[in-house]
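For reference, the structure is listed below as structure tokens.
By convention here, the first residue in the shown sequence is residue 1. Here the structure is a predicted model, which means the values were calculated and not measured.
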Amino acid sequence: KESSFVYNGKVHQPEIEITSGLVDGDDVTVETSVASAINVGNNYSVSASLTGEDSNNYKLPENNSLTYEITPLEITTSVENHTNVMYTRRKNNITFVSTLTGNGELNPEVKYEIRNSNEEIVATVQDKVVTVKNEEKFVVGTYNVYALVESGNYLVTDYTSGILNIVNDSDYYKVVITFSTGKTSSE
């Protein structure tokens, strides 16, 4: 039967059955000994034994085990764009929205990597909200934002980065000075 599975968050174990050599009416069942596997791996093993009233009349082949694997689920990620985010002395909270495709009902943990125009990492955030404020790492400019899934149970086959565009808040930096003149009178 099947010896390779794709990760789906559920238990995987190959089915083993008697395919030939059993006399009709004999009470023989195949049992397997294995710790059922969920996560990606390539060295899972299952072995068979016979049970039932007539099982002593049969002998399994010497190689009565099977090695099987669980391979990563292939997914793609994309991140929503954020343009015209103001660069101010005040905090600007931005909520990143990512879309994962191919993951079905599974919800892997996503981390966000923010890269500058030279593709250098300037920030990595574990949650979806990042605070952009007047700091050395965030200056006026355009950044690429990637949604990363680091679990070995997933293989990201395509990344579509989002754009984070930070602009000057020119109104914030305007300073208005009002001069008033007073009259003094000597009476």
Side-chain angles (χ1 to χ4, degrees), residues 1-20 28-51 60-61 63-85 91-133 137-138 141-166:
K1 290 280 182 172
E2 201 171 352
S3 63
S4 183
F5 302 92
V6 175
Y7 174 78
N8 66 1
K10 298 178 182 169
V11 172
H12 290 288
Q13 179 179 337
E15 292 179 20
I16 297 178
E17 61 184 35
I18 298 173
T19 56
S20 65
V28 179
T29 306
V30 177
E31 288 190 357
T32 59
S33 62
V34 66
S36 299
I38 295 175
N39 295 314
V40 168
N42 60 5
N43 203 19
Y44 296 112
S45 171
V46 60
S47 58
S49 62
L50 298 176
T51 60
L60 288 172
N63 182 10
N64 65 350
S65 65
L66 172 70
T67 300
Y68 67 102
E69 69 179 350
I70 299 174
T71 59
L73 176 65
E74 293 184 359
I75 62 173
T76 62
T77 66
S78 62
V79 180
E80 201 174 84
N81 293 331
H82 289 278
T83 57
N84 300 323
V85 174
K91 291 181 179 180
N92 248 338
N93 288 331
I94 301 168
T95 302
F96 291 122
V97 177
S98 60
T99 302
L100 304 180
T101 306
N103 58 310
E105 295 178 10
L106 301 171
N107 292 309
E109 189 173 301
V110 176
K111 130 178 150 173
Y112 295 90
E113 196 171 82
I114 303 168
R115 295 173 176 248
N116 63 20
S117 59
N118 295 324
E119 285 299 305
E120 299 165 330
I121 299 169
V122 294
T124 303
V125 290
Q126 198 63 39
D127 57 17
K128 292 183 178 188
V129 179
V130 66
T131 300
V132 174
K133 59 182 179 176
K137 64 183 174 184
F138 288 113
T142 301
Y143 299 85
N144 290 318
V145 181
Y146 296 92
L148 306 175
V149 177
E150 294 184 327
S151 167
N153 289 323
Y154 302 91
L155 174 63
V156 179
T157 57
D158 187 32
Y159 296 93
T160 302
S161 64
I163 301 296
L164 171 59
N165 185 21
I166 300 175

If the condition is side chain to side chain donor-acceptor pair (under 3.5 Å), which residues does [X] pass it with, not counting sequence neighbours?
X: Thr142; value: Asn165
X: Asn8; value: His12
X: Thr32; value: Gln13
X: Asn153; value: Asn39

Residue pairs, two or more places apart or on separate chains, that pass salt bridge (charged side-chain N to carboxylate O under 4.0 Å, His left out) and touch residues 142-154: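 Every salt bridge (charged side-chain N to carboxylate O under 4.0 Å, His left out) pair that includes a residue of residues 142-154, provided the two are not neighbours, is Lys111-Glu150.
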
Residue pairs passing the salt bridge (charged side-chain N to carboxylate O under 4.0 Å, His left out) test where at least one lies in residues 99-110, sequence neighbours excluded: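 Not a single pair qualifies under salt bridge (charged side-chain N to carboxylate O under 4.0 Å, His left out).
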
Sequence neighbours excluded, which residues qualify as side chain to side chain contact (heavy atoms under 4.5 Å, CB included) partners of [X]?
X: Ile18; value: Leu22, Val28, Val30, Leu50
X: Ser117; value: none
X: Ser49; value: Glu31
X: Thr157; value: Glu74, Thr76, Leu155

Considering non-hydrogen atoms only, spot the tightest contact between [X] and [Y] and give its length.
X: Pro108; Y: Val149; answer: CB-CG1, 3.7 Å
X: Ile163; Y: Asn81; answer: N-OD1, 2.7 Å
X: Leu60; Y: Ala48; answer: CD1-O, 3.3 Å
X: Asn118; Y: Asn116; answer: N-OD1, 2.9 Å
X: Ser4; Y: Thr71; answer: OG-CG2, 4.0 Å
X: Ala147; Y: Ser98; answer: CB-CB, 3.8 Å

Set of residues satisfying ring-ring contact (aromatic ring centres under 6.0 Å, His included) with respect to Tyr154, sequence neighbours excluded: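 By the ring-ring contact (aromatic ring centres under 6.0 Å, His included) rule, Tyr154 matches Tyr7.
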
Leu100 side, atom CG; Leu73 side, atom CG - distance, nearest 0.5 Å: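 One finds 10.0 Å between CG of Leu100 and CG of Leu73.
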
Residues that Glu120 engages under salt bridge (Lys or Arg N to Asp or Glu O under 4.0 Å), provided they are two or more places apart: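 Salt bridge (Lys or Arg N to Asp or Glu O under 4.0 Å) check on Glu120 returns nothing, list empty.
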
Side chain proximity check, Tyr159 to Val79, heavy atoms < 4.5 angstrom: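 Of all side-chain heavy-atom pairs linking Val79 with Tyr159, none is under 4.5 Å.
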
Side-chain donor-acceptor pair present, Glu113, Thr124, cut-off under 3.5 Å: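 Result is no, nothing qualifies.
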
